[in-house]
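Structure record follows, encoded as structure tokens.
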Amino acid sequence: MQREKILVTSALPYANGPIHLGHLSGAYLPADIFVRYHRSKGSDILYVCGSDEHGVPITISADKEGVSPKEIIDRYHEANKKAFEKFDMSFDVYSRTSRPIHHETAQTFFKSYLEQKLLIEKKSFQFYDDKAQMFLPDRYVEGTCPKCGFEEARSDECENCGSLYDPSELIKPRSKISGEEPLLKETSHWYFPLGKFQDRLEKYVNESNEKYKWKDNVIQYCRGWFRDGLKDRAVTRDLDWGVKVPINGADGKVLYVWFEAVLGYISATKEFFKAKGNEDGWKDFWQDTSTRYIAFIGKDNTVFHTIIFPAMLMAWNDGNKEKYLLPENVPANEFLNFEGKKFSKSRGWGIDVSDFLELFPADSLRYTLASNLPENKDTDFHWKEFQAKNNSELADILGNFVNRTFVFARKHFGNKVPALGELQKIDSEMIDMIKEYPVKIGSLIENYKIKDAVLEMMNLARAANKYFNDTEPWVTIKSNKDKCGTTINVCVQIISTLAEVFGPVIPDASGKMFRMLNTNSAGWVNCGTIRLFEGHELGTPEILFSKVDDEIISEQINKLGVVEQVSYNEPMISYEEFSKIDLRTAVVLEAEKIKKSKKLLKLKVKTAGGERQIIAGIAEHYSPDELLNKSIVIVANLKPAKLMGLESQGMILAVENKDGELKILQTDDKIVPGAKVR
RNA sequence: GGCGAGGUAGCUCAGUCGGUUAGAGCAGUGGAAUCAUAAUCCACGUGUCGGGGGUUCGAAUCCCUCCCUCGCUACCA
């Protein structure tokens, strides 16, 4: 039989923060299990990943910390790479998009599109901040709306009245970065005509679905995009952090990160083969029609992998002799939440991968996550459940079965495999099971039903315990040693099968099991056979999984929601600057909900200078009645703004707690309204 | 408000292109066993399948409507 050739990618994690458990559940662990299974099966499989290191958020983080973007990406690339290693991810290559080979690859694609005259160049005027020497993204420009007079309108769109206009019409524009008035400067960008590919993309998605049964959530998502109609997308930006646009005179322009990041898979593959001295080896995976390409991602990445990336590859294939493969399947997972809520670093909700693995072995985490993957819908990670899975499944069912078998073999059979004697019905049924389970589990993995596969793995261990119980070797050792030997022989074969089928999920424990058996993996297809014969010397038994105590779990639960101490590095202001802010007490006279608004309340307050109206975004935290007669603190000299067409003359002060709940600042009610806060 | 996803056993989740008494794991209760990490095995589920209405011989599954949760997004924390 010919070896299947498979290319697997996992979404490139963004090098702007540490990865957390949710990422692992979405795009990495399922892929790793799939890949390890195929390696065991003997497929010719290549697993590619790396850091995505360009884009605006990274430059913002860098500015905030006062360091270079390179420092940010180096930090998180290394951190995430190490975290993946600790988690026992088996990437063949973990590259990064800042490498020259990636820049070349991305530029080559761009140039090919240019040569094909596919890209559309559109000129437009955009605001340029002379002081900061940069083009300003829309949200960094404010001005007065030419239609309604709203003073905080964006450069080309007013949020207040909803009108769209040309940036040149904006009155009194100012840069949010330097505060200066930006100039309008002409710039041009290239657009990728996604719409031109819509028919072919729909065909591709539908046919792939028919042939390979795409997941329902992925299909629904694609249909949504098709229904709305695909539009041109800008592929370049005015920024200096990223892959330079490879054209003369395009200084200060880079490829938009959505355009180049997906190409990182190709660059990483090139890098892998180059390092092996096989310069063209990557083509064997990307451009050979016998290869299957599977792209594992989280649901947030769906459009990029089912629509944009395929369109880009189609576009390349239209103009070049060497043609790329499109993904055969894009098994996108939903999200993993943490104790019922979304992961949030800033709110101290969740745990980093590397912190977790300081406390517990990778296998325990891998098993727990794998048995509750968000394959159909968002799922939850609970510390209690982690403990239960580790203790009552890994340790008690699997670990204990292995242990009781080895201890028995050592005590009664000189640590050697006893002879397989005459088989009773119960023995042959068990032997049948170790043949059938790997087939069943393998087929589930191949259909991306990893969660079910993991359940079946543990079911084999359950069946093994039952077999041990029912054959009662502790009785037969006294009454019929041959029969007892048969039981232990079968149990040894079971352990060898367990080691193989559990290998993709808990590779470390699987390795230990093989060592204890004093043998190696025989490959998935052979793992259900009797392969350790009478007299085979066994290794030293050891405990596979230790239990997790209640204390350490409660400790972790108690830590939740406590925000880590971060270094305080907000910019300093002078006393003069502070004294410009006029904080005053105020009493709430009236409060009402604003129709059609979820967050806003309309307040009438009494403060210095009389009564005024304030629109406050606290409707989700306070009912109007609760606020009446409260003595609060407001910024009294804030420039008035219009929200939902209502004027807000000031802003109330509130603090946000770790759950994102708002608590307004209140004073003693004996304070007269209008008192100055200092 | 808009868009999307979801509401199934105490908990975490399967099942949903309509079809016999709605499932698994965990937890719980009772029992068996004592080789083993006090680990195993067996038995035990009266769940309004979020509420209501409709289509149908038949609905957890299809349609309508309402309620609730979550995510993204929009509007001053």
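Chain naming here is simple, since letters A, B, ... match the order of the sequence lines and numbering starts at 1 in each. Since the model is a prediction, treat every value here as computed from it, not as a measurement.
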Ranking A/N465 and A/E472 by the position along RNA chain B of their nearest nucleotide, the one closer to 5' is A/E472
For A/N217, which of A/K299, A/E375, A/E334 qualifies under side chain to side chain donor-acceptor pair (under 3.5 Å)?
A/E334
Using atom P of each nucleotide, how far apart are B/rG10 and B/rG50 to the nearest Å?
13 Å
Looking only at side-chain atoms of A/F545, point me to the closest of B/rC42, B/rU40, B/rU37.
B/rU37
A/K342, nearest nucleotide to its side chain (from B/rA39, B/rC26, B/rC72)
B/rC72
When the C1' atoms of B/rC3 and B/rC11 are compared, how many Å lie between them, rounded to an integer?
31 Å
For atom NZ of A/K213, decide whether the heavy atoms of other residues, nucleotides or ligands shown that lie under 6.0 angstrom number more than 12.
no
Could you go through the ring pair (Phe, Tyr, Trp, His ring centres under 6.0 Å) check for A/F386 and A/H382 one step at a time?
CA-CA 6 Å; A/F386 166 74; A/H382 291 274; over 10 Å; no
With the side chain defined as heavy atoms from C-beta on, A/W474 is closest, among B/rA33, B/rU37, B/rC41, to B/rA33
Where along residues 407-415 of chain A does a heavy atom come under 4.0 Å from RNA chain B, residue by residue in number order?
A/V407, A/F408, A/K411
Please indicate whether A/K630 has more than 12 foreign heavy atoms, meaning atoms of other residues, nucleotides or ligands, lying under 6.0 Å from its NZ.
yes
Judged by atom type as modelled, is there a donor-acceptor pair below 3.5 Å linking the side chain of A/T607 to the main-chain atoms of A/T585?
yes
Taking the six-membered ring for Trp, are A/F356 and A/W383 parallel (under 30°), tilted (30 to 60°) or perpendicular (over 60°)?
parallel
A/K384 NZ to B/rG25 C1': how many Å, rounded?
18 Å
Please give the distance between the P atoms of B/rA60 and B/rU20 as a whole number of Å.
10 Å
Would you give the length of the straight line joining atom CD of A/E551 to atom CG of A/N558, rounded to the nearest 0.5 angstrom?
12.0 Å
Within the structure shown, what part of the strands sits under 4.0 Å from A/I477 by heavy-atom distance: base, sugar-phosphate, or nothing?
nothing
Can you tell me how far CG of A/D396 sits from CG of A/N391, rounded to the nearest 0.5 angstrom?
6.5 Å
Could you tell me the separation between the CE atom of A/M651 and the P atom of B/rC76, rounded to a whole number of Å?
10 Å
For the side chain of A/R404, starting at C-beta, report the closest nucleotide among B/rA36, B/rC26, B/rA39.
B/rA36
When the C1' atoms of B/rC62 and B/rU69 are considered, how many whole Å apart are they?
24 Å
Could you give the distance separating B/rG23 and B/rU73 at their C1' atoms, to the nearest angstrom?
38 Å
Write down the distance separating the C1' atoms in B/rA59 and B/rC49, rounded off to the nearest Å.
11 Å
To the nearest Å, how far apart are A/D470 CG and B/rC41 P?
10 Å
Treat primed atoms plus P, OP1 and OP2 as sugar-phosphate and everything else as base, then score nucleotides 3-18 of chain B 5' to 3': B for base contact with protein heavy atoms under 4.0 Å, S for sugar-phosphate contact only, - for none.
----S----SSSS---
Say we look at B/rG6 and B/rG15: how far apart would their P atoms be, to the nearest angstrom?
11 Å
Heavy-atom donor-acceptor pair, A/N400 side-chain to B/rU40 base, under 3.5 Å:
no
Ring of A/F413, cation from A/K481 - is the NZ or CZ under 6.0 Å from the centre and inside 45° of the axis?
yes
P-based separation of B/rC66 from B/rG4 [nearest Å]:
15 Å
